[in-house]
Amino acid sequence: MRIVVTGLLGQYAFGGVTWDYIQYLLGFRSLGHDVWYLEDSGAWPYDPIKQTVSEDCSYNVDYLRGMMDGFGFGDRWVYRNGADGKFHGAGETAARDLIKNGDLLVNVSSAGWLRDYDFGVKHQMFIDGDPMFCQVGLLDPKNADYAKRVRAHDSHFTFGLNVGHADCLAPDTGIRWKKTVQPIALDHWPLQNDDAPDRFTTVMNWASYAPIEWQGKAYGQKDLEFERFKLLPRQTPQRLEMAMGQGIGSKRPTEELRALGWTILEAGEVLPDHRSYHEFLRTSKAEWSVAKHGYIAARTGWFSCRTACYLALGRPAVVQETGWSDYLPAGDGLLSFSTLEQAVAAIADINDHYAEHQAAARAIAEQYFDAKRVCADLLVQAGIG
């Protein structure tokens with residue numbers, strides 16, 4: 001099949017974002033498909049050097065070209081500048097042909113709306129990476145155009161493993177959500193047997209956007225959850241190192257967190273690309289992380305793309321419970337917590353039995369997140385495998 005994956009690789013030329021999208025291309029390619037990348041979100045490019053949007057997309061195009069070459073995709077990509085509508089990479093003719101004559105369009109995290117194309121692609125697949133927020137957005141009358149475009153897809157998937165179950169508060173949108181997880185190209189994340197620096201880490205943003213409200217209740221971001229665990233460094237001798245964005249309005253309480261014992265790194269400075277992101281995870285002993293308040297409060301079952309990368313490296317993870325442990329194994333290599341006491345105990349358990357947790361982490365990645373398996377499952381569930 002000729003498969004087109006949409007994303008924000010050029011728009012947000014950062015390390016973690018790169019891995020979120022590129023691993024879909026790698027997974028489908030490993031199945032023998034002809035895979036292309038198309039980025040046409042309508043957005044003006046973001047310049048991470050100037051830290052602002054800009055008419056000039058040269059940085060974004062250069063980053064995308066180098067990244068696609070590095071992963072062996074050559075010129076199988078198109079980037080359209082939202083500022084002037086110009087196409088880069090393989091160009092406009094290729095982009096329009098892909099949408100008119102392709103076999104499958106994979107719209108990852110609402111990244112591609114392709115407003116002025118002649119659609120003939122045989123199957124459109126939508127992948128929701130932001131459960132609860134996505135479903136509430138679909139029911140907001142102000143988002144009628146967005147909802148119409150989402151519903152026009154032939155199949156719908158979500159990272160919310162618990163969406164649709166009785167204990168999940170994500171509203172019913174009338175869409176039958178199929179379940180999926182982040183594909184991990186395991187050959188790019190080999191098992192690490194060497195000793196890592198004695199640090200538990202994560203990569204996060206203090207708050208990505210404003211809270212939403214559903215039926216009189218607010219559903220917020222990671223800042224709300226981090227506040228509940230900000231005393232963690234005083235409860236464990238373990239070094240805790242966070243590569244953390246300052247969030248909307250730059251409201252991260254940096255000095256307070258550092259005074260409590262957290263090591264806070266500026267994510268944009270230490271993780272400028274996919275290589276530095278990979279190295280940061282590789283040189284961590286394990287991950288510790290909270291999740292968005294909305295994922296937890298709605299019990300969505302969301303599981304992190306980033307955590308799956310840690311597991312593939314054989315780096316154990318201690319991550320907040322969202323309902324994911326009903327669907328993925330918890331206890332060896334991957335530990336859940338909901339309270340400060342549980343987080344402290346899980347960190348101690350990993351340190352006391354590190355080798356066992358290392359092996360279990362990699363085994364979980366191989367069984368549940370292998371890109372070839374995940375992408376094959378997407379095709380099967382969509383009825384086009």
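One is the number of the first residue; the rest follow in order along the sequence.
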Aromatic ring centroids of H293 and F226 under 6.0 Å?
no
Does R373 come within less than 4.0 Å of E366, counting only side-chain N to carboxylate O?
no
Run the ring-centre check on Y327 versus F303 and record whether the distance is less than 6.0 Å.
no
With a 4.0 Å cut-off on N to O distance, would you call R96 and E92 a salt bridge?
yes
Check the pair H274 / Y21 against ring pair (Phe, Tyr, Trp, His ring centres under 6.0 Å), numbers first and verdict last.
CA-CA 11 Å; H274 66 284; Y21 294 108; over 10 Å; no
List for me each residue that meets side chain to side chain donor-acceptor pair (under 3.5 Å) alongside Q367, sequence neighbours excluded, and say none if there are none.
none
More than 12 heavy atoms from other groups under 6.0 Å of CD on E55:
no
How far apart are the C-alpha atoms of K222 and E225, what are their side-chain angles, what is the distance that settles it, and do they pass the salt bridge (Lys or Arg N to Asp or Glu O under 4.0 Å) test?
CA-CA 5 Å; K222 289 185 177 180; E225 293 302 319; over 6 Å; no
Taking 4.0 angstrom as the limit, do K122 and D103 come out as a salt bridge?
yes
Are the side chain of R29 and the backbone of G72 linked by a donor-acceptor contact shorter than 3.5 Å?
yes
Using a 4.5 Å cut-off on heavy atoms from C-beta on, say whether the side chain of D34 contacts that of W36.
yes
Given side chain to side chain contact (heavy atoms under 4.5 Å, CB included), test R80 with L114 step by step and report yes or no.
CA-CA 10 Å; R80 189 179 189 183; L114 315 173; over 6 Å; no
A side-chain contact here means heavy atoms from C-beta on lying under 4.5 Å apart; do I22 and M68 qualify?
yes
Test: R115 and D145 ion pair at under 4.0 Å
yes
Say whether S289 and R306, considering side chains only, have a donor N or O and an acceptor N or O under 3.5 Å apart.
yes
Output yes when a side-chain donor or acceptor of Q358 lies under 3.5 Å from a complementary backbone atom of Q192, and no otherwise.
yes
Please tell me whether D332 and H357 have a donor and an acceptor in their side chains that are separated by less than 3.5 angstrom.
no
Under 3.5 Å, is there a donor on one side chain and an acceptor on the other for E39 and Q11?
no
For Y37 and V78, what are the C-alpha separation, side-chain angles and deciding distance, and is it a side chain to side chain contact (heavy atoms under 4.5 Å, CB included)?
CA-CA 6 Å; Y37 176 74; V78 178; over 6 Å; no
Working to the nearest 0.5 angstrom, can you tell me the gap between L64 CG and L8 CG?
11.0 Å
Are W206 and W262 close enough, and set up right, to give a ring pair (Phe, Tyr, Trp, His ring centres under 6.0 Å), and what steps lead you there?
CA-CA 14 Å; W206 183 248; W262 297 94; 9.8 Å; no
From C309 atom SG to F369 atom CZ, the distance as rounded to the nearest 0.5 Å
10.0 Å
Nearest 0.5 Å, what's the CD1-CD distance between I350 and E356?
11.5 Å
So, is the end of the R151 side chain (NZ or CZ) under 6.0 Å from the ring centre of F126 and within 45° of the ring's axis?
no
Between N60 and Y79, is any side-chain donor less than 3.5 angstrom from a side-chain acceptor?
no
Taking atom types as modelled, find out whether Q135 and T173 have a side-chain donor-acceptor pair closer than 3.5 angstrom.
no
Sidechain N-carboxylate O distance under 4.0 Å for R252, E266:
yes
Going through the distances and angles, do Y12 and Y63 end up as a ring pair (Phe, Tyr, Trp, His ring centres under 6.0 Å)?
CA-CA 10 Å; Y12 299 116; Y63 180 86; over 10 Å; no
D97/K100 ion pair, N-O < 4.0 Å
no
Before accepting this row, confirm whether a basic side-chain N of the pair R239/D198 lies closer than 4.0 Å to the acidic partner's carboxylate O.
no
Could you tell me whether the side chain of T236 and the main chain of P233 form a donor-acceptor pair under 3.5 Å?
no
Is it true that E279 and R275 have a side-chain N and a carboxylate O under 4.0 angstrom from each other?
no
Please answer whether the main-chain N or O of A90 pairs with a side-chain N or O of D75 as donor and acceptor at a distance below 3.5 Å.
no
Residue of the set F71, Y24, Y310 for which ring-ring contact (aromatic ring centres under 6.0 Å, His included) holds with W19
F71
Is the shortest distance from a Lys or Arg side-chain nitrogen in K292 or D130 to a carboxylate oxygen in the other one below 4.0 Å?
yes
Mind checking whether W302 and Y295 have ring centres under 6.0 Å apart?
yes
Using 4.0 Å as the upper bound for N to carboxylate O, is an ion pair formed by D377 and K179?
no
Taking side-chain contact (heavy atoms from CB on, under 4.5 Å) as the definition, give me every residue that meets it alongside D326, ordered by chain and number, with sequence neighbours left out.
R299
Passes salt bridge (Lys or Arg N to Asp or Glu O under 4.0 Å), D187 versus K372? Steps please.
CA-CA 11 Å; D187 53 336; K372 190 172 185 177; over 6 Å; no
D273 side chain vs G15 backbone, donor-acceptor pair below 3.5 Å
no
Begin with the C-alpha distance, continue with both residues' side-chain angles, and end with the deciding distance and a verdict on ring pair (Phe, Tyr, Trp, His ring centres under 6.0 Å) for H278 and W189.
CA-CA 8 Å; H278 187 288; W189 301 89; 4.2 Å; yes
When rounded to the nearest 0.5 angstrom, what is the spacing between CD in E287 and CG in L311?
8.0 Å
Whether the D56 and S58 side chains hold a donor-acceptor pair (N or O, under 3.5 Å, no angle test) is what I'd like checked.
yes
Flag, side chain of E321 to backbone of S325, donor-acceptor distance under 3.5 Å:
yes
Could you tell me if R315 and T201 have a donor-acceptor pair between their side chains, going purely by distance under 3.5 Å?
no
Please check this pair: side chain of Y219 against backbone of F133, looking for a donor-acceptor N/O pair closer than 3.5 Å.
no
For D195, I'd like to know if atom CG has over 12 heavy atoms of other residues, nucleotides or ligands within 6.0 Å.
no
In terms of side-chain geometry, is the basic nitrogen of D140 or K142 positioned less than 4.0 Å from the acidic oxygen of its partner?
yes
Given 3.5 Å as the limit, does a donor-acceptor pair link the side chain of D154 with the main chain of Q124, or not?
yes
